[in-house]
Amino acid sequence: MLNDDTKLCPVCGETIKAVAVKCRFCNTDLSAHDSNREAEAEKTLYAGHPAIIYSAWQWVAVFFTGGIAYLYYWVQSLGITYHLTSQRIRIERGILSKTMDSVELFTIEHFDLHKPLGMRLAGYCRLHLRSSDAGYRMISIYGIKRLEALADVLRECSLRERTRRRITSIIQP
């Protein structure tokens, strides 16, 4: 019988006090168990298309083509969708026919941030991710506002995933 003073242990199912920090039956640290479950849950960090114009040089092209370049950049932006989560990076490419590349974050070895002048002037940068996954050695992400802060979050998630999966290092062949 459960009341306001008791709850079920999430591991063994026995009735314990609601304020308990540790289960007296299975000896589970309940706060550590909750944080482990939170870490295992995949959370969306960013989902969407890159910006249509992400470089000052693109604005120059739009100006000199009378706006035709804007239509080209718009279609190009629609053809890419990023799904960045706390466990993986998925990049969907294409408008009519679509392909989806998915890379687990624990395989990412290097996070390189590039800030070319044109992108810096427009407030953007490009993130190059080098992976140990043979199918996807290099992943490039661009056209996202505040990508620098997102890169830091992705790096923390990558390290957390490596720890959670008990991966100490990845050796290149």
Residues 20-30, side-chain donor-acceptor partners within the protein, below 3.5 Å, at least two apart:
| from | atom 1 | to | atom 2 | distance (Å) |
| --- | --- | --- | --- | --- |
| Asp29 | OD1 | Ser31 | N | 3.3 |
| Asp29 | OD1 | Ser31 | OG | 3.0 |

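Taking all atoms of both residues into account, the shortest heavy-atom contact from Ile95 to Gly79 is CG1-CA, 3.7 Å. Residues Val62 and Tyr70 approach most closely at CG2-N, 3.6 Å, considering heavy atoms. Heavy-atom minimum distance, Ser140 versus Ile91: O-CD1, 4.3 Å. The minimum heavy-atom distance linking Val103 with Thr107 is given by the pair CG1-OG1, 3.4 Å. Taking both residues in full, the closest heavy atoms of Cys125 and Lys115 are given as CB-CG, 3.8 Å, listed atom of the first, atom of the second, then distance. In plain terms, the two heavy atoms of Arg162 and Ile108 that are nearest each other are NH2-O, 3.0 Å.
Following chains of ILVMFWY side-chain contacts shorter than 4.5 Å, one cannot reach Ile52 starting from Ile144, and the two form parts of different hydrophobic clusters. Clustering ILVMFWY residues whenever any of their side-chain heavy atoms sit less than 4.5 angstrom apart, transitively, puts Leu113 in the very cluster that holds Tyr142. In this structure, Leu121 is a member of the same hydrophobic cluster as Phe63, with clusters built from ILVMFWY side-chain heavy atoms closer than 4.5 Å. Using a 4.5 Å cut-off between side-chain heavy atoms of Ile, Leu, Val, Met, Phe, Trp and Tyr, with links allowed through other members, Tyr73 and Ile141 fall into different hydrophobic clusters. Both Ile53 and Trp74 are assigned to one and the same hydrophobic cluster, defined by single-linkage of ILVMFWY side chains at heavy-atom distances under 4.5 Å.
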(message) Let's go through His83 and Thr81 carefully: what are the C-alpha distance in whole Å and the side-chain angles of both, what is the deciding distance for side chain to side chain contact (heavy atoms under 4.5 Å, CB included) to 0.1 Å, and is it a yes or a no?
(response) CA-CA 7 Å; His83 300 279; Thr81 306; 3.5 Å; yes

(request) Any chance you could lay out the side chain to side chain contact (heavy atoms under 4.5 Å, CB included) test for Gln87 and Arg164, step after step, and finish with the verdict? (result) CA-CA 11 Å; Gln87 294 181 356; Arg164 187 175 74 84; 3.6 Å; yes

(request) Show your reasoning for whether side chain to side chain contact (heavy atoms under 4.5 Å, CB included) applies to Val75 and Leu78. (result) CA-CA 5 Å; Val75 170; Leu78 283 180; 5.5 Å; no

(request) List the steps, then state whether side chain to side chain contact (heavy atoms under 4.5 Å, CB included) holds for Asp5 with Val19. (result) CA-CA 8 Å; Asp5 296 335; Val19 294; over 6 Å; no

(request) Evaluate salt bridge (charged side-chain N to carboxylate O under 4.0 Å, His left out) for Glu161 paired with Arg88, printing each intermediate quantity in order. (result) CA-CA 10 Å; Glu161 277 298 295; Arg88 78 192 85 227; over 6 Å; no

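Judged purely by distance below 3.5 Å, without hydrogens or angles, the side chains of Thr85 and Glu42 pair a donor atom with an acceptor atom. Defined by atom type and a distance below 3.5 Å, a donor-acceptor pair is missing between the side-chain atoms of Ser131 and Arg137.
When the salt bridge (Lys or Arg N to Asp or Glu O under 4.0 Å) test is applied to Arg130, the partners found at least two apart in sequence or on another chain are Asp112.
One N or O on the side chain of Thr163 and one on the backbone of Leu159 form a donor-acceptor pair closer than 3.5 Å. Between the side chain of Thr6 and the backbone N or O of Lys17 there is no donor-acceptor pair closer than 3.5 Å. Of the possible donor and acceptor atoms, none in the side chain of Thr15 sits under 3.5 Å from a partner among the backbone N and O of Leu8.
Once rounded to the nearest 0.5 Å, the distance linking CZ of Phe111 with CG of Leu127 reads 7.0 Å. Within the model, atoms OH of Tyr124 and CZ of Arg146 stand 9.5 Å from one another, a figure rounded to the nearest 0.5 Å.
Taking 4.0 Å as the cut-off between side-chain N and carboxylate O, Arg90 and Asp101 do not count as a salt-bridged pair.
Listed by first and then second residue, the side chain to side chain donor-acceptor pair (under 3.5 Å) pairs involving residues 54-65 amount to none (not counting sequence neighbours).
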